Amino acid sequence: MLRVFLWSGGMEYFIELFFSGLTRGSIYALIALGYTMVYGIIGLINFAHGEIYMIGAFTSYIIATVLSIYGFPVLAIVVLAGFAAAIWSSAYGFTIEKLAYRPLRHAPRLSPLISAIGMSIFLQNYVLLAQTSDFLAFPELIPDFDFMEPVAHIVGTTDLVIILTTAAAMFGLTLLIKFTRIGKAMRATSQDRTMAMLVGINVDRVISMTFIIGSALAAIGGILIASHIGQINFYIGFIAGIKAFTAAVLGGIGSIPGAVLGGFVLGLTESFATGYVSSDYEDVFAFGLLVLILLFKPSGLLGRADIQKV
Amino acid sequence: MISLKESKRSALVSLWFMFLTFPIMVIKVDAIEKTIIWRWENMFYVGFGSFILSIFGRIFFERQKNRREKQLSEKIQQHNLIQILLREPKYLYPLAAAFFLFALTFPHLFSTYQINVMTTALMYVVLGLGLNIVVGVAGLLDLGYVAFYAVGAYSYALLNFHFGMTFWMVLPLGALLAALFGVLLGFPVLRLRGDYLAIVTLAFGEIIRLVMENWNAFSQGPSGISNIPRPGLLGFDLTLNQAITYLYYLMIVMVLITIFVVNRLQNSRLGRAWIALREDEIACQAMGIDKTKTKLTAFALGATWAGLVGVIFAAKTTFINPASFTFLESAIILAIVVLGGMGSILGVILGAIILILLPEYLRALSDYRMLAFGAIMVSMMVFRPQGLISNVRRHYQYRPQKGEQE
């Protein structure tokens with residue numbers, strides 16, 4: 001059933017697959033960061049995170065279309081749509097945390113998880129009902145650069161922009177967490193919430209900030225992937241969410257460099273597997289990888305082993 | 001009741017939601033025809049609705065706080081009406097008899113369509129009770145429950161298609177296969193912590209569906225398998241109406257058996273081990289309970305019910321394809337368990353009947369069905385985590401005997 005065409009297509013095909021894997025990987029990494037940050041701080045798998053990303057893509061689609069109808073220049077459209085997506089996604093992230101997770105902070109572990117699943121279903125159907133169930137053609141926001149012409153058949157301009165944006169976002173996030181006040185507060189909260197409270201950190205604010213930053217990153221991911229694939233629909237958040245979660249777990253959930261590494265590993269695996277084995281089973285590879293990691297190395301590539309204490 | 005300050009805060013909340021929902025709710029664009037539709041009326045609905053909901057939320061939390069304080073000071077155990085009804089045999093038996101009588105006469109009173117709908121609801125009752133073993137009693141969040149349902153349905157469809165096996169031959173076989181899959185999946189993943197388990201089961205459910213969709217030679221892919229025979233009755237030829245009625249009675253029997261088994265399980269040694277495992281794994285292991293074995297039985301038993309209902313589902317619809325076994329189906333079953341009350345048998349039955357029958361009869365609202373399911377899951381967790389009918393844990397009380405000093 002599976003016909004393996006290993007090394008068919010030669011070197012150029014290999015490089016093409018490599019870059020497409022890198023592109024996918026960067027997007028997974030951007031979304032995975034949100035999962036990992038939230039998990040690191042409150043120990044919750046934020047199921048609704050994929051939906052935040054979907055809402056980011058929809059917001060940028062709506063704003064970009066409105067602006068282009070009013071005849072704004074291309075650069076202004078890209079910047080404004082990006083900002084709008086980041087702002088609204090963050091607002092959604094903040095509100096979801098307040099409504100669905102904060103009241104459950106001291107509830108049994110299962111409760112916030114169920115609440116998160118409910119939130120995810122709710123948001124999907126909210127967008128479905130308020131907008132549409134059809135696939136929407138996402139406008140090509142990023143124009144082709146001239147200097148990319150010679151290699152355009154291997155690496156498109158969009159791919160390059162995606163990889164670079166992701167790198168910039170990672171770099172910014174690392175600086176934020178390493179050197180700013182709020183970053184320090186985040187690290188403290190993730191180590192020991194009670195202790196952080198005792199030394200005067202406003203834990204509620206830190207958690208809200210985490211959701212806001214994670215959601216903004218997801219929104220950027222949303223715009224990038226939408227302009228990469230070229231279409232959006234209310235259901236894109238579900239699959240992307242699970243894949244990003246796989247990336248986060250692969251790298252070691254709670255670890256920020258881990259999420260990036262996991263994103264790239266997953267992206268490359270998927271790209272090579274679909275390129276050389278079969279494209280019908282694209283999602284099965286990702287899910288299979290997730291199951292395998294959790295079975296053999298639940299702490300992930302860069303994560304710390306979880307020790308249970310009584 | 002509601003002070004000015006409170007209503008001011010609610011007004012702010014509603015302003016926030018109007019901002020939040022602005023791009024998605026108000027603007028609708030058409031990129032091809034280059035038109036924008038501004039739906040300002042939606043903004044008004046959102047603002048008004050969130051204001052009302054926020055006021056209700058405030059009242060609810062206020063009342064809950066008051067009640068908790070009162071309970072702490074007076075130490076009264078409150079019993080609600082349903083629990084009293086359940087505890088007293090003189091209410092319980094006539095009530096149960098009335099329900100039973102209604103269920104028996106149902107096919108003679110209503111149309112075929114109604115019987116079909118009711119059969120579906122009963123199937124969800126059994127599915128809910130099966131998932132209840134895994135999620136409610138043993139506390140293992142299984143998001144891929146529908147995979148076992150698919151295993152049951154496909155085993156009937158395929159065994160019938162290839163070997164011509166009948167419904168009654170496959171029914172136990174489907175259950176067995178589903179249980180086997182439960183063990184196969186459970187064995188490696190059950191040492192994972194709760195939230196990882198949830199994700200792996202979700203991934204497993206999706207893998208099963210994707211394989212069914214793509215492996216054309218085995219499952220005929222997305223086009224599915226049709227012409228699955230309905231269950232036979234001792235070789236009689238049944239008309240369509242009779243077959244539907246027959247399936248309805250079959251489901252009634254299934255529900256009764258399930259209730260009996262689950263009820264007996266709950267107070268058994270195994271059931272108590274599940275509850276203990278749910279509450280504290282480490283303490284439970286220290287008491288000498290075999291963690292893996294206990295969890296595996298929960299998984300396998302839950303899967304068994306899904307497999308049984310799967311076989312019946314295939315026989316009822318006479319056509320199956322992978323689209324019937326998406327994650328949403330798992331989510332619906334989970335919503336049933338959560339709404340009804342995790343661990344509570346009566347609650348799950350009520351949950352299934354509400355969530356399956358209401359959208360069926362309120363056709364106008366059926367578009368909003370999944371939206372409501374999501375909202376129900378969140379608000380149940382926030383406002384009433386124990387569900388509609390909370391499970392009453394058995395209490396053992398020390399009663400001094402006559403003549404003994406208290």
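What you see is a predicted model; the values in this text were computed from it and never measured. Within every chain, numbering begins at 1; the chains are lettered A, B, ... in the order of the sequence lines, protein sequences first and strands thereafter.
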Per-residue contact mode, Ile87(A) against chain B (heavy atom under 4.5 angstrom): side chain
At a heavy-atom separation under 4.5 Å, does Leu290(A) approach chain B through its side chain, its backbone, both, or neither? side chain
Cut-off 4.5 Å, heavy atoms of chain A, and the answer for Thr21(B) is both
Do Phe22(B) and Trp88(A) have side-chain heavy atoms sitting under 4.5 Å apart? yes
Whatever's closer than 4.5 Å to a heavy atom in chain A on Phe19(B) counts as both
A quick test of your reading: do over 12 heavy atoms of other residues, nucleotides or ligands sit less than 6.0 Å from NZ of Lys28(B)? yes
Are the side chain of Gln131(A) and the backbone N or O of Ile27(B) linked by a donor-acceptor pair below 3.5 Å? yes
Turns out that what part of Phe245(A) lies under 4.5 Å from chain B's heavy atoms comes down to side chain
Contact part of Phe238(A) toward chain B, heavy-atom cut-off under 4.5 Å: side chain, backbone, both or neither? side chain
Is Val338(B) in contact with chain A via its backbone, its side chain, both, or neither, using a 4.5 Å heavy-atom distance? side chain
Under 4.5 Å from any heavy atom of chain B - which part of Leu129(A): side chain
Can you see which heavy atom on Ala130(A) is nearest to which on Met25(B), and at what distance? CB-SD, 3.6 Å
Which region of Leu143(B), side chain (C-beta onward) or backbone (N, CA, C, O), has a non-hydrogen atom less than 4.5 Å from a non-hydrogen atom of chain A, or is it both or neither? side chain
Would the distance check show the side chain of Tyr92(A) and the main-chain N or O of Leu20(B) forming a donor-acceptor pair, the cut-off being under 3.5 Å? yes
